[in-house]
Amino acid sequence: MRRTIAALCAILILLGGIVMLFGCQKAGRYRVDYDGHKSAYTRAKDSYRAGETVRLYYEIYGTDTDYSFYLDDERLNYTFDDRHGFVLTFVMPDHDVRLRCEAHNSMMYQP
């Protein structure tokens, strides 16, 4: 009986260790919701570690269009280079975030 209990305890401890090991790999990682347009961002991942610097590229753009990017509804600053287009950089906070792009054609007449 003692051996059975000891074996059961050892199995439970081992299983607990396995769960902690694999569960901790995702701990501290938070998801990015790309507002349904993940494929528009080069280098986009589903999740990042809190505090990690995230760098994404928005390479498909029109020269007659104005773009604004928002992270959790706060305007996100960006840079631009000829090779990658818009370069978005931010530090991943310790919560899930939503990244969205607003595009407005600035060449159309609006009365």
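Scope of the values below: all heavy atoms of this structure, side chains included, with no hydrogens, waters or symmetry mates.
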Atom [atom1] of [X] and atom [atom2] of [Y]: how far apart are they, to the nearest 0.5 Å?
X     : Y     : atom1 : atom2 : result
Leu88 : Leu76 : CG    : CG    : 5.5 Å
Thr42 : Arg55 : OG1   : CZ    : 13.0 Å
Met92 : Arg49 : CE    : CZ    : 11.5 Å
Lys45 : Lys38 : NZ    : NZ    : 10.5 Å

Other than Ile60, what residues sit in its cluster of Ile, Leu, Val, Met, Phe, Trp and Tyr side chains whose heavy atoms are under 4.5 Å apart, directly or through others?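 ILVMFWY cluster around Ile60 holds nothing else.
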Applying side-chain hydrogen bond (donor to acceptor under 3.5 Å, both in side chains), name anything that partners Arg100, two or more places apart in sequence or on another chain.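 Arg100 satisfies side-chain hydrogen bond (donor to acceptor under 3.5 Å, both in side chains) with Asp73, Glu102 once adjacent residues are dropped.
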Pair Tyr34-Leu56, side-chain contact (heavy atoms from CB on, under 4.5 Å): steps then yes or no: CA-CA 11 Å; Tyr34 294 94; Leu56 304 170; 3.9 Å; yes
Passes side-chain contact (heavy atoms from CB on, under 4.5 Å), Val32 versus Asp46? Steps please. CA-CA 6 Å; Val32 177; Asp46 290 332; over 6 Å; no
Would you find a donor on one side and an acceptor on the other, under 3.5 Å apart, between the side chain of Asp35 and the backbone of Leu99?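 Not confirmed, Asp35 side chain does not pair with Leu99 backbone.
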Could you tell me whether the side chain of Arg98 and the main chain of Asp33 form a donor-acceptor pair under 3.5 Å?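 Checking the backbone N and O of Asp33 against the side chain of Arg98, no donor-acceptor pair under 3.5 Å is found.
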Kindly say whether the aromatic ring centers of Tyr57 and Tyr41 come within a distance under 6.0 Å.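 That pair fails the under 6.0 Å test.
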Can Asp81 and Arg83 be said to form a side-chain contact (heavy atoms from CB on, under 4.5 Å), step by step? CA-CA 6 Å; Asp81 71 41; Arg83 183 172 179 200; 3.7 Å; yes
Quick one: list whatever passes side-chain contact (heavy atoms from CB on, under 4.5 Å) with Tyr67, sequence neighbours left out.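 Here the qualifying residues are Tyr58, Tyr61, Thr65, Phe69, Phe86, Cys101, Ala103.
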Any idea which heavy atoms bring Arg29 and Ser47 closest together, and the distance?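 Closest approach of Arg29 to Ser47: NH2-O, 2.9 Å.
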Is it true that Tyr48 and Tyr70 fall in one hydrophobic cluster, defined by side-chain heavy atoms closer than 4.5 Å?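 Per the 4.5 Å side-chain linkage, Tyr48 and Tyr70 are not co-clustered.
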Residue pair Asp72, His95: steps toward the side-chain contact (heavy atoms from CB on, under 4.5 Å) verdict: CA-CA 10 Å; Asp72 285 344; His95 58 83; 2.9 Å; yes
Pairwise side-chain contact, Val97 with Tyr30, heavy-atom cut-off 4.5 Å (strictly under):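 Not in contact.
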